[in-house]
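Each chain gets a letter, A, B and so on, in the order its sequence line appears, and its residues count up from 1. Since the structure is predicted, the reported quantities are computational estimates derived from the model, not experimental observations. The analysis underlying the following values was restricted to heavy atoms, covering all of them including side chains, and did not include hydrogens, waters or symmetry mates.
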Amino acid sequence: MTVNRPRGTRDFLPANTSRRRYVESIMRDVARNWGYSEVITPTFEHLDLFTLKSGEGVVGELYNFMDKGGRAMTLRPELTAPVMRMYVNELQALPKPLKLFYFENCFRYERPQKGRFREFWQFGVELIGTKKPDSDAEVIALANAMLKAAGIKGDLKIGNLAVIRTILQELDSETVSKIMRLVDKKEYEGLESLLEEIDASEALKSNLFRLIKLEGKGILPKVKEIVGNIPEIESFEKTLELLDAYGVEYSLDFGIARGLDYYTGMVFEVYGEGLGAQKQVCGGGSYQLIQLFGGGDVPSTGFGIGFDRIMEICELVPEEPKKLVLVSKPVTHLEAVKLANKLREYVPVHIDLMERNFKTQLTFANNIGADYVVIVGEKELEVGKLTLKDMKSGEQELLTVEEVIGKVSRQ
RNA sequence: GCCGGGGUAGGGUAGCGGUCAUCCUGUAGCCCUGUGGAGGCUACGAUCCGAGUUCGAUUCUCGGUCCCGGCCCCA
């Protein structure tokens, strides 16, 4: 009987793993260069953390369990809530703005499909303590920079929930949620019948439909016509101005509603090219969560990047280091081991571990795509040198250890 | 939770009620005890699981499971 991977999980083979690590390191570098610090939170948390944020309904999509002390726990389904919890628990006194990022695996009990797994990796950023136009702009620009660094082509759409909330202000919050959901999905027929059902005013209906049908970059004046010059628009305008300065390309979409209610103002999403039904690679916005977890009235802005979806369309390939195989004979093997120790300070070195004969060691070098073979044989040791063979050209020369090091570590 | 398409050695495949289940590739070893990529030989290795139909099931039926895509959901 063989044991298989749990459903919705993946094994990452060497080539894939090295690609993932490579892209990961590129994205980490970008975040660090923007002044963000990495944090790690626990793989599992109290179930409450997530039901508090997303409602009891999420339990169905969680890998939750009772621990041996009878506590309700769950593997984390996302990282914004844990990071906010961490902030409330121990980071409240740090100077603002507080700039954090994370890159961890998350777990959701869902039906797997293209770009959706039960264990998946999320890269994300949280900027805590401000909601000025500059902070919104920086977060969007950082998301854009990270995706760009990973070579991802996608559509960036930016919206602002204050606008739609202004239009819907006369309605109760439950109805607002329903409407936002339909707006987000662009289900206009369903929206129309819902508005009919709740007997919404003509003004509301026409304002709403005018708003969500606006597209493109220069629509802000029209938005002002619809909702008036509310302060949020002024601030939003500054954010966009800053984004232009950052050189970020985007379009506006006031139909972005982003699921839950804690998003307050700016929201944005990025859709990757070349993905299936699950093509959103990045989503974020400004939100209010800290109070919910027992902290102060502190605003934040953040985003999450679906790393697995990035890898699906990312074409970056890391440059592999030169590989070297040491070929030895039984009588020279100990010398070869000593040499391996030395060479491993410079390049990845393979040495025979299977007591194979000379020829088979060479075949092995060929099979693993070695760039160099260093022969440690009697003839070489007699004259205190080594044979370096270039596996591409087949050429070989007799060199001292220092000369070998010089040659193989040159690139 | 729902819908569709799938599941034959590690990877890729053929067979589709009836001899020992096909071929390619891979891995290990040998031919070949100091020179790789070719060739030959040998070994390893599979019908997803369970029930049913049948004299007989890899093949047909049902259920499960897993994979792929989609729906729902998407924090």
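Using a cut-off of 4.0 Å between Lys/Arg side-chain N and Asp/Glu carboxylate O, A:Lys338 and A:Glu335 are scored as salt-bridged.
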Considering only nitrogen or oxygen atoms on both sides, find all protein atoms under 3.5 Å from nucleotides 33-39 of chain B and state each distance.
residue: B:rG34; atom: OP1; partner: A:Lys329; partner atom: NZ; Å: 3.1
residue: B:rG34; atom: OP2; partner: A:Lys329; partner atom: NZ; Å: 2.8
residue: B:rG34; atom: O6; partner: A:Glu378; partner atom: N; Å: 2.6
residue: B:rG34; atom: O6; partner: A:Glu378; partner atom: OE1; Å: 3.3
residue: B:rG34; atom: O6; partner: A:Lys379; partner atom: N; Å: 2.8
residue: B:rG34; atom: N1; partner: A:Glu380; partner atom: OE1; Å: 2.9
residue: B:rG34; atom: N1; partner: A:Glu380; partner atom: OE2; Å: 3.4
residue: B:rG34; atom: N2; partner: A:Glu380; partner atom: OE2; Å: 2.6
residue: B:rU35; atom: O2; partner: A:Lys389; partner atom: NZ; Å: 3.1
residue: B:rU35; atom: O2; partner: A:Gln396; partner atom: OE1; Å: 3.3
residue: B:rU35; atom: N3; partner: A:Gln396; partner atom: OE1; Å: 3.2
residue: B:rU35; atom: N3; partner: A:Gln396; partner atom: NE2; Å: 3.1
residue: B:rU35; atom: O4; partner: A:Gln396; partner atom: NE2; Å: 3.0
residue: B:rG36; atom: OP1; partner: A:Lys359; partner atom: NZ; Å: 2.7
residue: B:rG36; atom: O2'; partner: A:Asn366; partner atom: ND2; Å: 3.4
residue: B:rG36; atom: N1; partner: A:Met391; partner atom: O; Å: 2.6
residue: B:rG36; atom: N2; partner: A:Asn366; partner atom: OD1; Å: 2.7
residue: B:rG36; atom: N2; partner: A:Met391; partner atom: O; Å: 3.1
residue: B:rG36; atom: N3; partner: A:Asn366; partner atom: OD1; Å: 3.0
residue: B:rG37; atom: O4'; partner: A:Asn366; partner atom: ND2; Å: 2.9

Enumerate the protein-to-nucleotides 65-68 of chain B contacts in which both atoms are nitrogen or oxygen and the separation is below 3.5 Å.
residue: B:rC66; atom: OP2; partner: A:Arg7; partner atom: NH1; Å: 3.4
residue: B:rC67; atom: OP1; partner: A:Gly8; partner atom: N; Å: 3.0
residue: B:rC67; atom: OP2; partner: A:Arg7; partner atom: NE; Å: 2.9
residue: B:rC68; atom: N4; partner: A:Arg111; partner atom: NH2; Å: 3.4

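As rounded to whole Å, 18 Å separates atom C1' of B:rC74 from atom CZ of A:Phe107. If you measure from atom NZ of A:Lys185 to atom C1' of B:rC74, you get 10 Å, rounded to the nearest angstrom. In this structure, A:Arg181 places its CZ atom 7 Å from P of B:rC73, rounding to the nearest Å. Remark: P of B:rA75 and CZ of A:Arg108 are 7 Å apart, rounded to the nearest angstrom. Atom-to-atom, CE of A:Met354 to C1' of B:rG29 comes out at 9 Å; the value is rounded to the nearest Å.
The shortest distance between side-chain heavy atoms of A:Ile256 and A:Lys157 falls below 4.5 Å. Counting only heavy atoms from C-beta outward, the side chains of A:Lys178 and A:Leu194 approach each other to under 4.5 Å.
Here the nucleotide nearest the side chain of A:Thr360, chosen from B:rC73, B:rC30, B:rA75, is B:rC30.
By the 6.0 Å and 45° rule, A:Arg309 does not stack over the aromatic ring of A:Trp121.
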Would you be so kind as to tabulate the donor-acceptor pairs closer than 3.5 Å made by side chains of residues 73-80 of chain A, with sequence neighbours excluded?
residue: A:Thr74; atom: OG1; partner: A:Tyr63; partner atom: O; Å: 3.1
residue: A:Arg76; atom: NE; partner: A:Asn105; partner atom: O; Å: 2.7
residue: A:Arg76; atom: NH1; partner: A:Thr41; partner atom: O; Å: 2.9
residue: A:Arg76; atom: NH1; partner: A:Pro42; partner atom: O; Å: 2.9
residue: A:Arg76; atom: NH2; partner: A:Glu104; partner atom: OE1; Å: 3.4
residue: A:Arg76; atom: NH2; partner: A:Asn105; partner atom: O; Å: 3.2
residue: A:Arg76; atom: NH2; partner: A:Asn105; partner atom: OD1; Å: 2.9
residue: A:Glu78; atom: OE1; partner: A:Lys53; partner atom: NZ; Å: 3.1
residue: A:Glu78; atom: OE1; partner: A:Thr80; partner atom: N; Å: 2.9
residue: A:Glu78; atom: OE1; partner: A:Ala81; partner atom: N; Å: 3.4
residue: A:Glu78; atom: OE2; partner: A:Lys53; partner atom: NZ; Å: 2.7
residue: A:Thr80; atom: OG1; partner: A:Glu126; partner atom: OE2; Å: 3.0

Check residues 3-14 of chain A and write down every donor-acceptor pair under 3.5 Å in which the side-chain atom is one partner and the other belongs to a residue at least two apart or another chain.
residue: A:Arg5; atom: NE; partner: A:Asp11; partner atom: OD2; Å: 3.1
residue: A:Arg5; atom: NH1; partner: A:Thr9; partner atom: O; Å: 3.1
residue: A:Thr9; atom: OG1; partner: A:Pro6; partner atom: O; Å: 2.6
residue: A:Arg10; atom: NH1; partner: A:Asp308; partner atom: OD1; Å: 3.0
residue: A:Arg10; atom: NH2; partner: A:Glu119; partner atom: O; Å: 3.0
residue: A:Arg10; atom: NH2; partner: A:Asp308; partner atom: OD1; Å: 2.8

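Both distances falling under 3.5 Å, in either a Watson-Crick or a G-U wobble arrangement, occur for no nucleotide opposite B:rG37. If you check B:rU58 for Watson-Crick or wobble pairing at under 3.5 angstrom, you find it has no partner at all.
Residues satisfying the salt bridge (Lys or Arg N to Asp or Glu O under 4.0 Å) criterion with A:Glu61, sequence neighbours excluded, are absent altogether.
In the displayed structure, A:Lys279 atom NZ is contacted under 6.0 Å by at most 12 heavy atoms of other residues, nucleotides or ligands.
Only at 4.0 angstrom or more do the heavy atoms of residues 300-308 of chain A sit from any atom of RNA chain B, so none qualifies.
The side chain of A:Arg356 contributes an N or O atom lying less than 4.0 Å from OP1 or OP2 of B:rA28.
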